[in-house]
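The structure under discussion appears below in the form of structure tokens.
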Amino acid sequence: MSSGDDEQLQALAKPTFTEVQASAVVESVFGLKVSKIQPLPSYDDQNFHVHISKIKDTADGPIEYVLKISNTEASKNPDLIEVQNHIIMFLKAAGFPTASVCRTKGDNTTSLMSIDSGTEIKSYLVRLLTYLPGKPIAKIPVSTQLLYEIGRLAAKLDKALEKFHHPKLSNLHRENFIWNLKNIPLLEKYVDALGQNQNREIVEQVIQLFKKEVMTKLSHFRECINHGDLNDHNILVESSKSAFGDAVYQVSGILDFGDMSYGYYVFEVAITIMYMMIESKNPIQVGGHILAGFESIIPLTAVERSALFLLVCSRFCQSLVMAAYSCQLHPENKEYLMITAKTGWKHLQQMFDMGQKAVEEIWFETAKSYESGISL
């Protein structure tokens, strides 16, 4: 996704490679022969699903990849993308289901491509990752057990990254990054995209509450590196049959590390709760199961727990406001941009109508029930 002050620039800088151009990149930069290529949905970068032709000396290697082409603004910060690549490799080595990062012919993890657009030379960072199997969580009925496992996964991810070191790690301190939860006040620049209505009133209320109740607590939260975007399209699952013959899903892939930044443990759990609510038939119940899984690895402090409700509301606001804003710039990408909005406004309204105390009671009681081995 994209950073606050550069949001408009970034939206205008989205790559527009054709399939022929993308194939040429794979062949010239990575030395692989493309047999089939098709575009994948994306926010402000460009992604392609690539099939390669097998050649004798790569007979055991993968045949499916994802070509990622960063927009021109993100391409100005190759150090950040290098850190993301090294995190993906670190997590893979630690046993997480992340992609493998492919080396260029020059043995790098990225390559900068300069393209003459007719009026100017534009530069794009390209990289190639192995394609991960599985379905996005958005496409399956999500059980409470899977929600619990996703909560555990979010916590394990943050915990594993405590041990990650890299000389360019400071690039994850992204001060005006619009998708970092501490930057909710930056949304004020974009609320006009909502027009004048009840949705805007809720967002403005959340921003004010955030300034008063969360900004003052940030120094009490425990800091960590956040994935920052564990949404229902960035977690893949595969099914196996249980003893009773029904499908049991296991996480098979974690995608999209483009929103990584320094944040706090409580941010990761709030973001995960919000996105898992999107597709749920019982959205308010979701938080308790995610929280139980997360706290089985990293128990939250009392001050972190007290901010959780408002942080979930805040992430809804980030996603909904920025989707509306991006739709003005990219109406042709509306279907992808408005995925969250289909149910998001309704869920945010429901949380507001119920109020913090009632929602917390459901979340905390559900989480507590796991301690006794009886999940609600």
Side-chain angles (χ1 to χ4, degrees), residues 1-16 41-46 70-74 76-77 174-216 218 228-229 231-233 256 258-259 261 263 267 270-271 273-275 277-278 283 307 309-353 355-356:
M1 290 180 178
S2 29
S3 66
D5 291 340
D6 296 329
E7 181 77 26
Q8 183 142 9
L9 274 172
Q10 236 164 329
L12 297 172
K14 182 167 178 168
T16 54
S42 60
Y43 197 89
D44 55 14
D45 297 324
Q46 204 178 6
S70 297
N71 64 65
T72 54
E73 285 302 303
K76 290 174 185 171
N77 194 350
R174 302 166 75 176
E175 284 315 305
N176 288 318
F177 184 50
I178 195 72
W179 294 103
N180 188 310
L181 260 178
K182 72 179 174 202
N183 288 330
I184 290 297
L186 293 180
L187 288 179
E188 288 174 330
K189 296 182 196 174
Y190 304 102
V191 290
D192 283 347
L194 300 175
Q196 294 292 340
N197 51 39
Q198 189 182 6
N199 289 344
R200 179 173 176 154
E201 284 170 23
I202 292 178
V203 169
E204 288 175 336
Q205 212 175 329
V206 169
I207 294 170
Q208 293 316 310
L209 285 168
F210 185 92
K211 287 179 182 176
K212 193 172 77 178
E213 295 179 25
V214 176
M215 295 298 281
T216 53
L218 287 177
D229 197 17
N231 70 43
D232 46 338
H233 289 266
D256 196 354
D259 283 2
S261 64
F267 282 9
I271 290 166
I273 287 172
M274 176 260 160
Y275 282 122
M277 288 175 69
I278 294 297
F309 172 84
L310 197 48
L311 287 170
V312 174
C313 291
S314 297
R315 182 54 169 209
F316 268 117
C317 292
Q318 271 180 322
S319 186
L320 294 164
V321 169
M322 296 318 296
Y325 176 75
S326 297
C327 275
Q328 292 183 339
L329 300 174
H330 277 297
E332 77 286 353
N333 203 20
K334 185 173 182 178
E335 186 180 351
Y336 180 76
L337 293 169
M338 296 306 281
I339 287 169
T340 303
K342 285 178 187 171
T343 56
W345 287 114
K346 188 175 69 179
H347 295 342
L348 178 59
Q349 181 72 58
Q350 186 184 6
M351 285 182 73
F352 243 61
D353 289 347
Q356 180 167 347

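Position 1 is the first residue of the sequence; numbering continues from there.
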Next item on the list: Go through the structure and list residues passing salt bridge (Lys or Arg N to Asp or Glu O under 4.0 Å) with Glu204, not counting sequence neighbours.
Entry: Arg200
Notebook entry, point to check: Ignoring hydrogens and geometry, is there a side-chain-to-backbone donor-acceptor pair from Gln318 to Ile184 under 3.5 Å?
Noted result: no
Next item on the list: Could you tell me the separation between the CG atom of Leu311 and the CE atom of Met274, rounded to the nearest 0.5 Å?
Entry: 13.0 Å
Checklist line | Asp229 side chain reached by Ile271 side chain, heavy atoms, under 4.5 Å | finding: no
Next item on the list: Would you check if the side chain of His347 reaches a backbone N or O of Pro283 as a donor-acceptor pair within less than 3.5 Å?
Entry: no
Check: What residues form a side chain to side chain donor-acceptor pair (under 3.5 Å) with Gln356, not counting sequence neighbours?
Finding: Glu360
Item checked: Test applied, side chain to side chain contact (heavy atoms under 4.5 Å, CB included); reference residue, Ser314; option that passes from Val203, Leu348, Leu181, Asn183 -> Leu181
Checklist line | Distance, nearest 0.5 Å, that separates CG of Asp232 from OH of Tyr275 | finding: 8.5 Å
Notebook entry, point to check: Roughly how far, to the nearest 0.5 Å, is the CG atom of Leu194 from the CG atom of Leu320?
Noted result: 8.0 Å
Checklist line | Validation row: Met277, Met351 side chains within 4.5 angstrom (heavy atoms) | finding: yes
Next item on the list: Working to the nearest 0.5 Å, report the span between CG of Leu186 and CE of Met322.
Entry: 9.0 Å
Check: Which atom pair, heavy atoms only, marks the closest approach of Ser70 to Pro15?
Finding: O-CG, 3.7 Å
Next item on the list: Would you indicate whether the side-chain heavy atoms of Phe316 and Ile278 approach each other to under 4.5 Å?
Entry: yes
Tell me which donor-acceptor pairs under 3.5 Å the side chains of residues 205-216 have, and how far apart each pair is, sequence neighbours excluded?
| residue | atom | partner | partner atom | Å |
| --- | --- | --- | --- | --- |
| Gln208 | NE2 | Glu188 | OE2 | 3.4 |
| Lys211 | NZ | Glu188 | OE2 | 2.9 |
| Thr216 | OG1 | Lys212 | O | 3.1 |

Check: Can you name the closest pair of heavy atoms from Ala324 and Ala193 and give their distance?
Finding: C-CB, 4.0 Å
Check: Could you state the interatomic distance from CG (Asn71) to OG1 (Thr16), rounded to the nearest 0.5 Å?
Finding: 11.5 Å
Check: Any chance the side chains of Ser261 and Asn180 put a donor and an acceptor closer than 3.5 Å?
Finding: yes
Next item on the list: Please round to the nearest 0.5 Å and tell me the distance separating atom CZ of Arg174 and atom CG of Asp259.
Entry: 6.5 Å
Checklist line | Ser319 (side chain) donor-acceptor with Arg315 (main chain) under 3.5 angstrom | finding: no
Margin query: Can you list everything that forms a side chain to side chain donor-acceptor pair (under 3.5 Å) with Asn197? Sequence neighbours excluded, please.
Written below: none
Notebook entry, point to check: How are the rings of Tyr325 and Tyr190 set to each other: parallel, tilted or perpendicular (split at 30° and 60°)?
Noted result: perpendicular
Next item on the list: Apply side chain to side chain donor-acceptor pair (under 3.5 Å) to Gln198 and list each qualifying residue two or more places apart in sequence or on a separate chain.
Entry: Gln349
Check: Taking only residues two or more places apart in sequence or in another chain, which ones pass ring pair (Phe, Tyr, Trp, His ring centres under 6.0 Å) with Phe267?
Finding: Tyr264
